[in-house]
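From a predicted model like this one, the values you see are computed outputs, not experimental measurements. In what follows, every chain begins at residue 1, and chains take the letters A, B, ... in the order their sequences are listed. The figures that follow rest on heavy atoms only: side chains count, while hydrogens, waters and symmetry mates do not.
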2 protein chains.
Amino acid sequence: MLTPEMLKGHLDAIVLAALEAGPAHGYAIIETIKQRSAGTFDLPEGTVYPALHRLEQAGLLSSAWTTPPSGRKRRVYSLTRTGTAALGERRKAWGRFSQAVDTALGPVLGGGRA
Amino acid sequence: MLTPEMLKGHLDAIVLAALEAGPAHGYAIIETIKQRSAGTFDLPEGTVYPALHRLEQAGLLSSAWTTPPSGRKRRVYSLTRTGTAALGERRKAWGRFSQAVDTALGPVLGGGRA
DNA sequence: GCTCTACACCTAGTTATGCTAGGTATGGAA
DNA sequence: TTCCATACCTAGCATAACTAGGTGTAGAGC
């Protein structure tokens with residue numbers, strides 16, 4: 001069973017990674033994350049929007065309101081230079097963390113990963 | 001940088017795994033985890049003891065006080081049958097979770113793992 | 001015209017849990 | 001007799017994902 005707590009401390013990296021390919025608005029980011037994780041991370045808006053605000057306030061993202069011809073207002077987020085650097089850091093941190101858990105969990109013996 | 005939040009939701013599995021090889025007391029469990037994670041998880045007692053109590057209350061661990069000839073009292077924890085089953089579940093959950101993060105983080109391109 | 005769904009954003013408050021900081025006590029070494 | 005490693009405990013803090021509610025637009029179906 002995947003609990004919400006498992007995501008703690010890892011969401012920022014995932015959001016930043018979703019913006020690496022280019023700017024996007026909140027709703028689209030949620031979709032991207034859902035698809036890239038093969039449906040595993042179907043994040044509620046109440047999770048993603050506050051995260052975006054946090055990341056912008058931290059200077060890792062910048063945002064701009066846009067009104068496409070269709071009519072609906074959207075807030076489009078982009079990675080800042082700091083954000084791109086942070087993404088690299090977070091990826092490294094994830095690598096170290098996941099490897100440590102892998103070894104701490106011990107002999108999986110053909111369990112999960114190749 | 002590895003933040004404490006990253007561990008949230010994963011600690012239980014790590015503690016259970018540390019007891020898979022056999023019963024042990026709290027202090028030894030901390031040492032085991034430190035060694036198995038190559039020093040990455042140097043957990044404070046205030047993290048591990050409450051976790052042990054939680055797991056015992058949940059029926060995944062059982063404990064017994066022992067007084068070895070040296071003199072100091074120790075509380076030795078063992079995996080219950082439920083705990084062993086739970087460990088299997090947690091390992092599977094970790095596998096699914098970490099794989100989802102791996103893909104969500106996207107092209108690491110020779111970054112962290114083999 | 002009216003309802004319903006999908007899109008698109010927001011926030012106050014809850015909850016879970018790892019950690020900080022403090023405490024108790026034994027035994028051996030300096 | 002002072003200090004450190006061992007060995008246990010707990011109250012309270014901090015963080016962050018989530019719940020549950022809200023606003024408003026656009027298009028489809030009746």
**Student:** For D:dA16 and A:His10 - does any side-chain N or O of the residue sit under 4.0 Å from the phosphate oxygens OP1/OP2?
**Tutor:**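 So the side-chain polar atoms of A:His10 never come under 4.0 Å of the phosphate oxygens OP1 or OP2 of D:dA16.
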**Student:** Starting from P on D:dT6, measure out to CZ on B:Arg72 and report it in whole angstrom.
**Tutor:**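 It works out to 9 Å between those atoms.
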**Student:** Show every salt bridge (Lys or Arg N to Asp or Glu O under 4.0 Å) that has at least one partner inside residues 38-52 of chain A, sequence neighbours left out.
**Tutor:** A:Lys34-A:Asp42
**Student:** Taking atom P of D:dC18 as reference, at what distance in whole Å does atom CD1 of A:Ile33 sit?
**Tutor:**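 Computing the A:Ile33:CD1 to D:dC18:P distance gives 11 Å.
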**Student:** In terms of side-chain geometry, is the basic nitrogen of B:Arg36 or B:Glu31 positioned less than 4.0 Å from the acidic oxygen of its partner?
**Tutor:** no
**Student:** Hey, which sits more toward the 5' end of DNA chain D by its nearest nucleotide, B:Tyr77 or B:Glu31?
**Tutor:** B:Glu31
**Student:** In whole angstrom, what separates B:Glu5's CD from C:dT20's P?
**Tutor:**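 Taking CD of B:Glu5 and P of C:dT20, I get 11 Å after rounding.
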**Student:** Side chain to side chain contact (heavy atoms under 4.5 Å, CB included) with A:Ser62: which of A:Leu55, A:Leu79, A:Thr80?
**Tutor:** A:Thr80
**Student:** Given atom NZ of A:Lys34 and atom P of C:dA6, what is their separation to the nearest angstrom?
**Tutor:**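 Result: 11 Å.
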**Student:** State, with a plain yes or no, whether a side-chain heavy atom of B:Leu43 is found less than 4.5 Å away from one of B:Leu7.
**Tutor:**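 The answer is yes; the side chains approach within 4.5 Å.
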**Student:** C:dG18 phosphate, OP1 or OP2: any side-chain N/O from B:Arg54 under 4.0 angstrom?
**Tutor:**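 Answer is yes, contact under 4.0 Å.
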**Student:** 5'-most contact on DNA chain C: B:Glu45 or B:Pro4, nearest heavy atom basis?
**Tutor:** B:Pro4
**Student:** Counting side-chain heavy atoms from C-beta on, which of D:dC8, C:dC19, D:dC18 comes nearest to B:Tyr27?
**Tutor:**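 Nearest to the side chain of B:Tyr27 among the choices is D:dC8.
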**Student:** Identify which nucleotide among D:dT19, C:dC19, D:dC9 has an atom closest to any side-chain atom of B:Trp65, counting heavy atoms from C-beta outward.
**Tutor:** D:dC9
**Student:** To the nearest Å, how far apart are B:Lys73 NZ and D:dC8 C1'?
**Tutor:** 10 Å
**Student:** To the nearest Å, how far apart are B:Tyr49 OH and D:dA11 C1'?
**Tutor:** 17 Å
**Student:** Under 3.5 Å, is there a donor-acceptor pair linking the side chains of B:Thr66 and B:Arg74?
**Tutor:**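 Absent: no donor and acceptor within the cut-off.
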**Student:** Base, sugar-phosphate or nothing for A:Gly46? Non-hydrogen atoms, less than 4.0 Å.
**Tutor:**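 Here A:Gly46 touches the bases of the nucleic acid.
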**Student:** For C:dT11, does either OP1 or OP2 sit under 4.0 Å from a side-chain N or O belonging to A:His53?
**Tutor:**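 Yes, such a contact exists.
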**Student:** B:Leu7 CG to C:dT17 P: how many Å, rounded?
**Tutor:** 12 Å
**Student:** In whole Å, what is the span from the CZ atom of B:Arg75 to the C1' atom of D:dA7?
**Tutor:** 12 Å
